[in-house]
Structure formats: C-alpha cells, structure tokens
S.K.: 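Quick one: structure below, then a few questions.
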Amino acid sequence: DMGYIKIANVSPSAAATVNPGTDNHTGWRFSLAASDQNMEIRNLKLSMTGSAAKADLVNFQLEVGGVAISEEVASMNDSDEVIFNFTDGAYAITKGQTKNVDLIFDVVSGSSRTIHWQLQEMYHANVFDTEYGVYTKINESDTWSIIESNSSTTNTTINAGTLTITKSSDSPTGNVAVGRSEERRG
C-alpha cells in the first residue's frame, strides 16, 4: 500500500487567549501520523482565518519537541497564509510514528482580535511516499474536511493590553494656584 500522512488538531481544542507582546507563542499544535510507508512532508500552507491583522502576528516557525523543522517565515502573505518550506527540503516521518508539530509565532499586537488556523485544502500539504517515490493525498481521502485549530466555532483571542500608572515615592506634592503655569515644586 502507498503511504499517507494523517493530520489532526491537538490543541487548542476550545477558546483560548494570549497577551499582545507574547513571543514564541504556540498558536497551534497538530499531529502528523505516517502510515504504511516512510513519508516526507515537503511543503505546508496554513491559513489564518481569524480577525488578527498581518502585522499582529510575525516570525512563524514549525517545531517538533522544541526543535525547528522549518525555515522561519517573517510574516503572512497578503492572503493571510504562511507557507512553510522545511530546513532539509522535507520533514521525514517514519511509518507508524506520530509527530506533534507546534506552530510558533510572536503576537506583536492585535488587542481583542482573534487567531484561528486552518489547513484549508488537501493540496496545501505536499506529502511524499519515499518507498514508492510518489506524492500522495494527505489523510488518504478523495474528500476533504478542513483541519483547524480550536474548534470550528471558537478562536484564540488576543487580550486587551493593560496600562499601569504609579506615582514615584519621591515625587513632589502640593497645591498649585489657579491660573498659574510653570510653577516649580521641590
């Protein structure tokens, strides 16, 4: 039998939140399971379908066990997609193994906006059977269901930012007369 790779969402599986200014955020963990033959994934296109703007999320990378398996992609393209090429030209998965892949990125801004990731089409992942030397369909099917982070009805929301203002303990205090300007204190 020709080999194939099955992909599935691992986490988040429900609504989640992240603070703006978070670096190296694990925005999506999905599994890749190789069946019947040793397989390679050679290219992967992920679509961000939430309301976050292109500038809100940057520096994308795929990791397995904390080790980078893809080249870093600085930003999403104009279609809100991130296209990954792999550091050695392909990422190999031995038959019978499942790898949990983390989509890592920096959340620069985007208060109250949402993040939601999808693998929208089966051809957005190029998978290769190394035994037979042919490309095969991901999830071994002629039909396709979108694979997505969270659930189809939930997102990750970027929290609103916070601002804290405090008065220095050595700050001068006192009354200022009405109508006065440039009055010096302390």
Side-chain angles (χ1 to χ4, degrees), residues 1-16 24-52 54 56-106 114-156:
D1 290 342
M2 283 198 300
Y4 61 95
I5 291 178
K6 280 209 174 276
I7 182 171
N9 178 50
V10 175
S11 67
S13 58
N24 300 313
H25 173 65
T26 301
W28 188 17
R29 176 173 290 156
F30 54 92
S31 64
L32 297 174
S35 296
D36 294 338
Q37 304 296 337
N38 294 337
M39 300 295 295
E40 292 178 347
I41 186 157
R42 295 188 171 182
N43 182 281
L44 186 65
K45 182 194 299 185
L46 301 177
S47 300
M48 202 290 297
T49 59
S51 62
K54 181 179 174 180
D56 294 336
L57 312 174
V58 298
N59 303 326
F60 301 90
Q61 189 138 43
L62 296 176
E63 294 182 359
V64 172
V67 177
I69 63 167
S70 72
E71 298 172 357
E72 184 173 280
V73 178
S75 64
M76 291 183 281
N77 64 23
D78 290 337
S79 298
D80 291 336
E81 299 166 332
V82 182
I83 301 171
F84 291 101
N85 294 306
F86 293 89
T87 51
D88 293 324
Y91 180 67
I93 305 173
T94 304
K95 71 178 174 181
Q97 286 189 346
T98 299
K99 300 290 185 175
N100 284 329
V101 180
D102 293 331
L103 170 59
I104 308 291
F105 53 89
D106 299 338
T114 60
I115 305 167
H116 192 98
W117 294 97
Q118 294 181 336
L119 180 65
Q120 292 186 324
E121 302 286 346
M122 75 172 64
Y123 59 84
H124 287 177
N126 289 333
V127 294
F128 189 76
D129 180 323
T130 60
E131 177 69 23
Y132 287 97
V134 296
Y135 287 93
T136 63
K137 295 176 184 167
I138 197 159
N139 286 358
E140 190 191 34
S141 179
D142 288 332
T143 61
W144 179 253
S145 295
I146 293 173
I147 309 299
E148 56 194 321
S149 65
N150 306 81
S151 71
S152 61
T153 58
T154 62
N155 297 298
T156 297

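Worth knowing before you read on, the calculation uses all heavy atoms, side chains too, and leaves out hydrogens, waters and symmetry mates.
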S.K.: Would you check if Asp80 and Thr49 make a side-chain contact, meaning some heavy-atom pair closer than 4.5 Å?
M.R.: no
S.K.: Quick one: does Thr26's side chain have a donor or acceptor within less than 3.5 Å of a partner on Asp102's backbone?
M.R.: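 No, because the side chain of Thr26 does not come within donor-acceptor range (under 3.5 Å) of the backbone of Asp102.
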S.K.: Nearest 0.5 Å, please: how far is NE2 in His116 from OG in Ser51?
M.R.: 12.0 Å
S.K.: Step through the shown structure and confirm whether more than 12 heavy atoms of other residues, nucleotides or ligands are within 6.0 Å of NZ on Lys6.
M.R.: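 Enclosed.
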S.K.: With sequence neighbours left out, what residues match Asp106 under salt bridge (charged side-chain N to carboxylate O under 4.0 Å, His left out)?
M.R.: none
S.K.: Using modelled atom types and a 3.5 Å cut-off, is there a donor and acceptor pairing between side-chain atoms of Trp144 and backbone atoms of Gln120?
M.R.: yes
S.K.: State the CE-CG distance between Met48 and Leu103, to the nearest 0.5 angstrom.
M.R.: 11.0 Å
S.K.: Within the 4.5 Å heavy-atom criterion, are Asn150 and Thr156 side-chain neighbours or not?
M.R.: yes
S.K.: Got a second to check how far Arg29's CZ is from Glu63's CD, nearest 0.5 Å?
M.R.: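 The CZ atom of Arg29 sits 10.0 Å away from the CD atom of Glu63.
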S.K.: Considering only heavy atoms from C-beta outward, does the side chain of Trp117 approach that of Val82 to under 4.5 Å?
M.R.: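 A side-chain contact under 4.5 Å exists here.
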S.K.: For Lys137, what residues pass the salt bridge (charged side-chain N to carboxylate O under 4.0 Å, His left out) criterion, not counting sequence neighbours?
M.R.: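 Once residues adjacent in sequence are excluded, the partners of Lys137 under the salt bridge (charged side-chain N to carboxylate O under 4.0 Å, His left out) criterion are Asp142.
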S.K.: By ring-ring contact (aromatic ring centres under 6.0 Å, His included), which residues pair with Tyr4, not counting sequence neighbours?
M.R.: none
S.K.: With under 30° as parallel and over 60° as perpendicular, where do the rings of Phe60 and Phe105 fit, or are they tilted in between?
M.R.: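 Ring orientation of Phe60 relative to Phe105: tilted.
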S.K.: List for me each residue that meets side chain to side chain contact (heavy atoms under 4.5 Å, CB included) alongside Tyr132, sequence neighbours excluded, and say none if there are none.
M.R.: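 Here the qualifying residues are Met2, Gln37, Asp129, Val134.
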S.K.: Do Leu32 and Met39 have side chains that get closer than 4.5 Å, going by heavy atoms?
M.R.: no
S.K.: What is the distance from atom CD1 of Ile115 to atom CG of Asp56, rounded to the nearest 0.5 Å?
M.R.: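 Reported to 0.5 Å precision, the distance equals 8.0 Å.
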S.K.: Looking at CH2 of Trp28 and OG of Ser11, how far apart are the two atoms once the value is rounded to the nearest 0.5 Å?
M.R.: 10.5 Å
S.K.: Could you tell me the separation between the CD atom of Glu140 and the CD1 atom of Ile5, rounded to the nearest 0.5 Å?
M.R.: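 Spacing of CD (Glu140) from CD1 (Ile5) equals 12.0 Å.
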S.K.: Test of understanding: with salt bridge (charged side-chain N to carboxylate O under 4.0 Å, His left out), list the residues that count as partners of Lys54, not counting sequence neighbours.
M.R.: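 Scan of Lys54 (salt bridge (charged side-chain N to carboxylate O under 4.0 Å, His left out), adjacent residues dropped) gives Asp78.
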S.K.: Quick check: do Leu44 and Tyr91 have side-chain heavy atoms less than 4.5 Å from each other?
M.R.: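 In short, these two side chains do not touch, never coming nearer than 4.5 Å.
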S.K.: Heavy atoms, side chains only, cut-off 4.5 Å: are Glu72 and Asn59 in contact?
M.R.: yes
S.K.: Does Ser13 have any side chain to side chain contact (heavy atoms under 4.5 Å, CB included) partners at least two apart in sequence or in another chain, and if so, which?
M.R.: Asn9
